[in-house]
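This report refers to the structure that appears directly beneath it.
Note that these values count all heavy atoms, side chains included, but never hydrogens, waters or copies made by symmetry. First the proteins, then the strands, lettered A, B, ... as listed; each starts at 1.
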Protein chains: 2
Amino acid sequence: MRALIVEDDPDLRRQLKDVLDHAGYAVDEAGDGEEGWFLGDTEPYDAVVLDLGLPRLDGVSVLERWRSAGKDFPVLILTARDRWSEKVAGFDAGADDYLTKPFHPEELLARLRALTRRAAGHTTSTIEIGNLSVDTRGARVFVGDKLVKLTSHEFRILSYMIHHRERVISRTELVEHIYDQDFDRDSNTIEVFVGRLRKKIGQDRIETVRGLGYRLVDPAANERARAG
Amino acid sequence: MRALIVEDDPDLRRQLKDVLDHAGYAVDEAGDGEEGWFLGDTEPYDAVVLDLGLPRLDGVSVLERWRSAGKDFPVLILTARDRWSEKVAGFDAGADDYLTKPFHPEELLARLRALTRRAAGHTTSTIEIGNLSVDTRGARVFVGDKLVKLTSHEFRILSYMIHHRERVISRTELVEHIYDQDFDRDSNTIEVFVGRLRKKIGQDRIETVRGLGYRLVDPAANERARAG
DNA sequence: GCGCGCGCTGAACATCATCTGAACAGCTCT
DNA sequence: AGAGCTGTTCAGATGATGTTCAGCGCGCGC
């Protein structure tokens with residue numbers, strides 16, 4: 001974890017650095033707003049501790065510049081004054097947390113932990129096979145860069161297949177996962193859907209294994225390894 | 001946005017509810033730890049305000065149970081006492097922010113905004129998609145540079161959608177986050193609102209994904225690459 | 001090579017989700 | 001109480017979507 005401290009009071013800055021150092025952060029320091037802004041704009045920090053009263057460029061402005069430049073690291077704001085209106089301004093400029101001096105080192109660390117913990121919780125939701133990519137949250141499918149419109153059931157089937165890639169999936173397995181309990185067992189609905197899917201995403205992306213079911217494959221990788 | 005208040009003092013609870021109501025949240029209330037835990041375990045909240053001193057089950061325990069059950073909504077902790085050791089315990093139990101009584105309503109709102117904003121992966125209080133920009137603080141919406149007047153619920157829906165941009169949002173998800181506990185589940189209110197929204201911000205900005213729900217998109221970016 | 005069945009496909013059909021306009025109800029402000 | 005705004009309900013229209021069906025191609029076992 002890499003942290004930036006922007007604080008003009010040398011004593012407090014030193015104290016902050018000690019605390020963060022001790023907690024295992026790699027710490028950079030800045031003594032005024034300009035320097036702080038530059039560092040934050042340049043280096044990839046995991047957390048920033050920012051004083052509001054700063055020479056050369058005040059804290060809220062620094063924060064606004066970062067945010068409008070797309071920087072999204074968590075920022076914890078410090079101030080000596082306990083004025084709620086300033087806190088509100090800080091929050092709306094994009095701060096994630098706030099601490100009033102004097103504070104207890106343990107509390108600063110706890111807040112930083114909370115911030116970095118939450119910032120880490122971003123996961124992707126698109127699965128790819130070859131140049132076919134399925135965005136499971138957005139319910140969208142791309143072939144290359146081209147958006148393909150699928151109906152609800154088509155998407156469910158493709159989604160299930162791509163979650164079990166390179167495996168043969170039987171018709172009944174599909175039926176059981178697409179529909180609830182009772183569904184007419186002999187019906188060729190699945191075949192119709194697979195047919196429509198093939199038309200939309202490309203014929204060679206879904207292989208049919210006669211007597212067993214279907215398999216989703218990467219057509220480009222087919223030439224490479226062919227066993228039987 | 002839907003919020004839960006867990007607070008045993010009836011006066012303070014009423015005051016909190018008023019503040020959040022007025023800010024456009026759909027608010028549920030709980031008077032003790034057990035009830036609060038149950039609601040948080042059952043309903044999908046976007047933010048929780050949790051008192052630490054509670055009858056039946058104390059706040060830290062409630063929070064710990066939620067977190068170990070995988071609940072990841074942002075939690076803001078309240079306490080009358082200014083004891084930092086309790087704050088630290090709260091943070092390490094999984095709290096995202098902390099406020100000491102007495103507090104200024106504006107500050108509570110600012111902190112909640114910061115929490116929900118970050119939980120959705122955004123850093124500033126105005127969120128844009130294409131030339132549509134939503135100021136979550138001022139509750140104002142612009143198409144290009146033209147101000148659009150939205151009613152309270154229209155704004156709530158658009159606000160929730162833009163916090164979860166490029167994702168399909170089901171009708172029930174919308175209902176659960178726009179309204180509090182008791183609401184007639186089958187009603188086409190949402191459809192009516194979406195229709196009115198489309199009339200105000202442009203037809204092609206809200207796609208309907210049949211059988212799944214709606215998706216807020218940038219109509220200009222139809223051919224462009226995908227997001228993660 | 002031959003026939004059997006499995007799987008494919010196009011079109012027709014039925015259904016269901018969603019949209020839309022309008023009316024109604026509730027609240028606030030004067 | 002009345003006017004205006006907002007949220008909710010309702011019913012009919014509409015079109016996309018799921019399902020069925022019948023005919024055909026073709027691989028597979030014999």
Interatomic distance where [atom1] belongs to [X] and [atom2] belongs to [N] [whole Å]:
X	N	atom1	atom2	answer
A:Glu191	C:dC6	CD	C1'	8 Å
A:Lys200	D:dA16	NZ	P	12 Å
A:Leu197	C:dT9	CG	C1'	15 Å
B:His153	D:dC5	NE2	P	18 Å
A:Ile178	D:dT17	CD1	C1'	15 Å
A:Arg215	C:dG7	CZ	P	14 Å
A:Glu154	C:dT9	CD	P	14 Å
B:Ile190	C:dC19	CD1	P	12 Å

> Do B:Arg13 and B:Asp8 sit within salt-bridge range, that is, some charged N less than 4.0 Å from a carboxylate O?
Replying inline: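 No, this pair does not count.
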>> Heavy-atom nearest nucleotide on DNA chain C for A:Tyr214 versus B:Arg198: which residue maps closer to 5'?
In response: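 The residue whose closest nucleotide sits nearer the 5' end is A:Tyr214.
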> Between A:Leu150 and B:Leu150, which has a closest nucleotide on DNA chain D that is more 5'?
Replying inline: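 The residue closer to the strand's 5' end, by nearest nucleotide, is B:Leu150.
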>> Both B:Thr151 and B:Arg210 contact DNA chain D. Which one's nearest nucleotide lies toward the 5' end?
In response: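 That would be B:Thr151.
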So, is [X] close to the [N] phosphate, meaning a side-chain N or O under 4.0 Å from OP1 or OP2?
X	N	answer
A:Arg171	C:dG7	yes
B:Ser152	D:dT6	no
B:Ser187	D:dT9	yes

Would you call the rings of [X] and [Y] parallel, tilted or perpendicular, where under 30° means parallel and over 60° means perpendicular?
X	Y	value
B:Phe193	B:His153	tilted
A:Phe73	A:Trp66	perpendicular
B:His122	B:His163	perpendicular

Would you list the protein and nucleotides 21-30 of chain C atom pairs, both N or O, that sit under 3.5 Å from each other?
residue : atom : partner  : partner atom : Å
C:dG21  : OP2  : B:Lys199 : NZ           : 3.0

>> Regarding B:Phe155, tell me which of base, sugar-phosphate or nothing describes its non-hydrogen contacts under 4.0 Å with the strands shown.
In response: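 Touches nothing.
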>> For the CZ atom on B:Arg14, are there more than 12 heavy atoms of other groups (residues, nucleotides or ligands in this structure) within a distance under 6.0 Å?
In response: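 12 or below, so no.
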> Which atoms form the tightest heavy-atom contact between A:Val168 and A:Glu173, and what is the distance?
Replying inline: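 Taking A:Val168 first and A:Glu173 second, the nearest heavy atoms are O-OE1, 4.4 Å.
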> Taking all atoms of both residues into account, what is the closest heavy-atom pair of A:Gly90 and A:Leu63, and its distance?
Replying inline: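 Taking A:Gly90 first and A:Leu63 second, the nearest heavy atoms are O-CD2, 3.7 Å.
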